[in-house]
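To keep things clear, I will list the structure first and then write my remarks on it.
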Amino acid sequence: MKCDVCENEASVFLTQIINGQMTTVNLCESCSKAKGVTEETGFGLAEAFLSPTQRSEDSMEVVCNACGFTASQLKKIGRMGCPECYNSFREGLDGLLRNMHKGTRHVGKRPMSVGGTAPQLLPRQRTSVVREETSSPPPPMPVPAPAQPSDVSKLRADLDLAVQEERYEDAAKLKAEIERLQPKAPSQ
Amino acid sequence: MMRFATLIKNPADWMKGAGPHSEIVMTSRVRLARNLRGFPFPGFSQERQRVDLLEQVRPVVEQLPEMRDGYSEDYTELSKIRKQVLVERHLVSREHAARSSGCAVVVDRKQSISIMINEEDHFRIQGIRPGLSLHSAYELVDRVDTELESALPFAFDSKLGYLTACPTNLGTGMRASVMLHLPALVLTEQINPVIKAVGKIGLAVRGLYGEGTEALGNLFQISNQHTLGEAEPEIIAQIEKVIEGVVRSEQNARAKLKEDHQTMLQDQVGRAFAILRYAHVLSSKEALNLLSMLRLGADLDLVGNCDRSLIDMMLLEIQPAHLQLNAARELSPDERDSMRAEITRARLQSIDGPGSFPPSQSTPGGPPSAPNDE
Ligand SMILES: [Zn+2]
Ligand SMILES: [Zn+2]
């Protein structure tokens, strides 16, 4: 696959939803560096790169920062966009699951690699699935949040309420605050 | 790998073998939904991403010990009719068959295991066994899942379990379902309370064929609805326990039919045989219902030398895509109806039929619908 900017072979693929439309950008190594698109920053920059003007429109709503799926899309189709969505839309999820299932906590089989403890951290995925460097998956997703300090729990409860009451602007602020207090887990 | 024609020519393992309660439970199926970490779900990814994912994972799936020398096909290589044949064989879902680019299915030689790639989830691993044997169907898919997870990073959360596109599959990602033939419960009008009771326990019941509440061929499917909060063996044990109860009810209803309504029963089975044996036009609905009666007759020894597996094979052969595959072309509905009758006529040629059986010793009182005027 060719880079969207130059003619080199692309190695970075980014998917983003813009105004409900799925868009993928393919970039080669050097162009991705030139655009500042790296694994750490991931989709946020991809979005900026694609449509710097349209960001504010969506910022009212809770969005999965791994795949760009929005809370309203979830509401509409009842399905998630990617595995990380379960983290992004965690607020209000328990209530939904309680109506759907026997419980809200998994008690069945666990992958060997998890071994009955916490899930493994993510960054290894690139090498384990992808054998050819040229066809890499979207950048790795943020690691699921570790155990939360109590003030974060309080914020989460507020966020829950905000989402329930569809105060998305408040929800976005609370979400940003939670993310600030709870920095991403170190990569290994 | 195996060719399509070879796959379809052979009856699946579950069609040949008899399992526990095969006279009532036709198949036990278990499927697991699995997804790769770091990839959007198929419904929310671009065609290019799905094709890319497929290219990476398909060799891994094909090289599993269970799937070696099996059948593997990219959907862009499969005609509509062939895909539909796979649906009728219960190897792929209707939803999956409707897709094309970026999708594939891998089936083992025995047609006991099928792995759909890029269904609603990245992987749907299905195991199918004859009779009431959810345990052994689960063992099949559990083993395949464990092998796959050593090569592929599945999306898993310690609280929520396996992460699936739809929250209704979250946790175990497991759907266990049993296909039941319940003609006596339908004939004795006891089916509705049974369905209600099963539904109350949190299991889903639906007709296998037909719309809404209609269950053509008296075929029903019962499956779990909850996937989170219980472990796999618990879910399976619960369904098996419920099914044991349904099987007992059907057995009782059959015994009652045989005892209290023998004439009506013989009449229904005799008519079914006669029409299937001599008709020239058969709609799908009519054929399913007649085959159901014939199967009941065979189970109750009312039809001479009629093997149950012959009837179960016919249940597949009369389906639209199987008919068209057999004819090697698309058929109009009228053509299908005549082709369907051609098949049942031919298959029943070697069967003695119910007429050759000794008449009932006494003349028991028939049901009100079939008064005995002797
Ligand atoms: Zn470039
Ligand atoms: Zn997502």
Side-chain angles (χ1 to χ4, degrees), chain A residues 1 13 15 17 22-24 26 64 66-69 73-74 77-87 89-90 93 96-98 100-114 116-120 122-126 128-132 135-141 144, chain B residues 32 34-41 43-49 51-53 55-57 59-60 120 122 138 142 145-146 148-174 202 224-235:
Chain A
M1 208 172 290
F13 305 92
T15 304
I17 300 293
M22 182 83 123
T23 319
T24 298
N26 311 301
C64 173
C67 74
F69 205 61
Q73 281 175 308
L74 170 62
I77 66 167
R79 280 166 177 75
M80 299 289 187
C82 78
E84 185 57 24
C85 282
Y86 282 99
N87 220 13
F89 304 113
R90 188 151 277 205
L93 189 64
L96 181 80
L97 295 178
R98 214 165 284 131
M100 226 173 241
H101 295 290
K102 282 275 166 70
T104 57
R105 182 168 281 278
H106 176 62
V107 292
K109 184 177 181 178
R110 287 164 176 271
M112 227 57 120
S113 56
V114 173
T117 56
Q120 262 190 343
L122 302 180
R124 287 242 173 270
Q125 72 187 37
R126 262 188 117 95
S128 49
V129 190
V130 183
R131 264 147 286 142
E132 294 157 311
S135 54
S136 23
M141 308 208 168
Chain B
L32 300 176
R34 295 291 186 261
N35 288 282
L36 291 178
R37 220 159 38 198
F39 290 78
F41 295 128
F44 194 61
S45 60
Q46 270 204 329
E47 182 180 341
R48 213 176 337 179
Q49 292 176 301
V51 171
D52 194 45
L53 183 141
E55 274 171 17
Q56 292 169 44
V57 302
V60 179
E120 182 181 285
H122 295 139
Y138 177 67
D142 180 39
D145 172 52
T146 303
L148 271 183
E149 91 183 13
S150 70
L152 303 168
F154 284 154
F156 181 87
D157 178 272
S158 60
K159 178 174 183 273
L160 299 174
Y162 291 95
L163 301 175
T164 52
C166 188
T168 54
N169 292 317
L170 203 59
T172 59
M174 183 183 78
N224 63 307
Q225 281 181 301
H226 309 298
T227 56
L228 181 65
E230 282 175 301
E232 293 85 351
E234 266 179 81
I235 298 175

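- B:Ser150 does not touch chain A: none of its heavy atoms, backbone or side chain, sits under 4.5 Å away.
- Contact tally against chain A (heavy-atom pairs below 4.5 Å) for B:Asn35, B:Thr172, B:Ile235, B:Leu163: the top residue is B:Leu163.
- Taking B:Gly171, B:Ala155, B:Ala231, B:Pro167 one by one and counting their heavy-atom pairs under 4.5 Å with chain A, the maximum is reached by B:Pro167.
- Between the side chain of A:His106 and the main chain of B:Gly161, no donor-acceptor pair closer than 3.5 Å is present.
- Interface remark: of the candidates B:Gly202, B:Ala165, B:Gly173, B:Pro233, B:Ala165 forms the most heavy-atom pairs closer than 4.5 Å to chain A.
- Here the closest non-hydrogen pair linking B:Cys166 and A:Gly78 is SG-O, 4.0 Å.
- The two residues B:Thr146 and A:Met112 have their closest heavy-atom pair at CG2-CE, 4.0 Å.
- A distance-only check finds no donor-acceptor pair linking the side chain of A:Lys109 to the backbone of B:Asp145 [under 3.5 Å].
- Interface remark: B:Leu170 contributes backbone and side-chain atoms alike to the contact with chain A (heavy atom separation under 4.5 Å).
- The line from CG of B:Asp157 to CZ of A:Arg105 is 9.0 Å long, rounded to the nearest 0.5 Å.
- Annotation for A:Tyr86 and B:Thr164: closest pair OH-O, 2.5 Å, computed over non-hydrogen atoms.
- No side-chain donor-acceptor contact under 3.5 Å links B:Arg37 to the backbone of A:Pro83.
- Across every non-hydrogen atom of B:Lys159 and A:Thr104, the tightest pair is NZ-O, 3.3 Å.
- Closest non-hydrogen pair, A:Arg110 versus B:Phe156, comes out as CG-CZ, 3.5 Å.
- With a 4.5 Å cut-off on non-hydrogen atoms, B:Glu230 touches chain A through its backbone and its side chain both.
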A:Arg90 vs B:Leu160, side chain to side chain contact (heavy atoms under 4.5 Å, CB included): CA-CA, chis, key distance, verdict: CA-CA 11 Å; A:Arg90 188 151 277 205; B:Leu160 299 174; 3.9 Å; yes
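- Counting only distance, with no hydrogens or angles, the side chain of B:His226 and the backbone of A:Gly103 share no donor-acceptor pair below 3.5 Å.
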